[in-house]
Number of protein chains: 2
Amino acid sequence: MTRAETRTSGGLAGALRLSVVRLNRRLRSQRADTSVTLTQVAALSTLRHHGRMSPGALAAHEKVQPPSMTRVLAALEERGLVTRRAHPHDRRQAIVELTDVGTKIVDEEVRAREAWLCQRIQGIPEQDRQTLRAAVEVINRIVES
Amino acid sequence: MTRAETRTSGGLAGALRLSVVRLNRRLRSQRADTSVTLTQVAALSTLRHHGRMSPGALAAHEKVQPPSMTRVLAALEERGLVTRRAHPHDRRQAIVELTDVGTKIVDEEVRAREAWLCQRIQGIPEQDRQTLRAAVEVINRIVES
DNA sequence: TATTGTTATACTCTATAACTATA
DNA sequence: TATAGTTATAGAGTATAACAATA
């Protein structure tokens, strides 16, 4: 996909779609056998950055429907990476938080799992890294809108 | 995810991963009932841009394993969007190409399917579009490496 | 033997619909 | 009634292993 083909909004949308789909595939394929999946990493990372929250809030952050998050959390809880507590005032809600093991996974094993992308980012010019930093912010605004 | 958290390569890798995962989810959820799926659109787009090619070449372009592409092509062939021809000199290979209907899908229905992203891209400042254009090139280089 | 592609199988990811419990 | 979450079910997406056909 060359620069010339992304001049129009439609062309840019198509090019961005292809790039995102392919990078997403690459990221999923970097899964180590003993490690957590890409979706699980995303949920753990959100908990690490934003602290404990309800399953519904986590689903909203991750842009998935609640039943999808239920399944992710069940897997994480089974592996002892998160725990569930009762909400102090609203018994419908649960509060999900990282365990010590879960925190360790996010801080260490997860970063090892990202080695592929991290290595490539280290290998590109600083100007390209600046482009990616700015693009992350633009994409996040688009996703939130 | 703020700019400050993406200063290191690891932080940038994590932020980019989260953004890509979430945008990918949004793109998949834009599927129209009567339309083709995101994976099918990606394959059709590649054929549209690069012309006819073998299933193996298409899998390499899309960064999927050959059996995954076999399944995608079977669905597209069943819907009459692509055809298979024999390779003139190597009978192991097939040549996949868009039908007239498939071309029409790529040019019209697929663009309608992208309305969500296209609309958002039209709504951001030109400077942000330039950022995305540059980021597409950087991401593509990373994916190819 | 090496390459191209398919078949068989299984797992991950995600959604919608229907349900339960609580507010 | 409305909200938070789960269960049931189904479909999309993808991989590895084993196979068939051809080079």
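Quick note: numbers below take in every heavy atom, side chains included, and nothing from hydrogens, waters or symmetry partners. Below, read A as the first sequence line, B as the second, and so on, with proteins coming before strands; counting in each chain starts at 1. Treat the numbers as computed from the prediction; the structure is a model and nothing was measured.
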Go through the structure and list residues passing salt bridge (charged side-chain N to carboxylate O under 4.0 Å, His left out) with B/E97, not counting sequence neighbours. B/R52, B/R85
Nearest to the [X] side chain among [options], which nucleotide is it?
| X | options | answer |
| --- | --- | --- |
| A/V64 | D/dA12, C/dA15, C/dC13 | C/dA15 |
| A/R71 | D/dT9, D/dA15, C/dT16 | D/dT9 |
| A/R84 | D/dT6, C/dT12, D/dT14 | D/dT6 |

How many Å lie between [atom1] on [X] and [atom2] on [N], as a whole number?
| X | N | atom1 | atom2 | result |
| --- | --- | --- | --- | --- |
| B/L38 | D/dT14 | CG | C1' | 14 Å |
| A/L27 | C/dC13 | CG | C1' | 15 Å |
| B/Q65 | C/dT6 | CD | P | 14 Å |
| A/L73 | D/dA4 | CG | P | 16 Å |
| A/M53 | D/dA4 | CE | P | 15 Å |
| A/E62 | C/dT14 | CD | P | 9 Å |
| A/R28 | D/dA12 | CZ | P | 17 Å |
| B/K63 | D/dT14 | NZ | C1' | 16 Å |

According to side-chain hydrogen bond (donor to acceptor under 3.5 Å, both in side chains), who are the partners of [X], at least two apart in sequence or on a separate chain?
| X | value |
| --- | --- |
| A/D128 | B/R141 |
| B/R91 | none |
| A/T70 | none |

Just call it for B/S68: base, sugar-phosphate, or nothing, with non-hydrogen atoms closer than 4.0 Å on any strand. base
Side-chain N or O of [X] less than 4.0 angstrom from OP1 or OP2 on [N]?
| X | N | answer |
| --- | --- | --- |
| B/S29 | C/dT14 | no |
| B/T39 | D/dT14 | yes |
| B/S54 | C/dG5 | yes |

Any residue in residues 86-94 of chain B with a heavy atom nearer than 4.0 angstrom to DNA chain C? Just list them by number, or reply none.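 Contacts with DNA chain C under 4.0 Å: B/R92, B/Q93, B/A94.
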Tell me, which pairs form a side-chain hydrogen bond (donor to acceptor under 3.5 Å, both in side chains) where one or both residues lie in residues 55-66 of chain B, sequence neighbours left out?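 Pairs touching residues 55-66 of chain B that pass the test: A/R22-B/E62, A/R25-B/E62, B/T46-B/E62, B/K63-B/E144.
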Return yes when atom CD of A/E126 has more than 12 non-hydrogen atoms of other residues, nucleotides or ligands closer than 6.0 Å, and no otherwise. yes
Is the shortest heavy-atom distance from the side chain of B/V41 to the side chain of A/V21 under 4.5 Å?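 Not in contact.
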On DNA chain D, does the nearest nucleotide to A/P55 precede the nearest nucleotide to A/V21 from the 5' side, or the other way round? Give the residue.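 Mapping each residue to its closest nucleotide by heavy atoms, the 5'-most match is A/P55.
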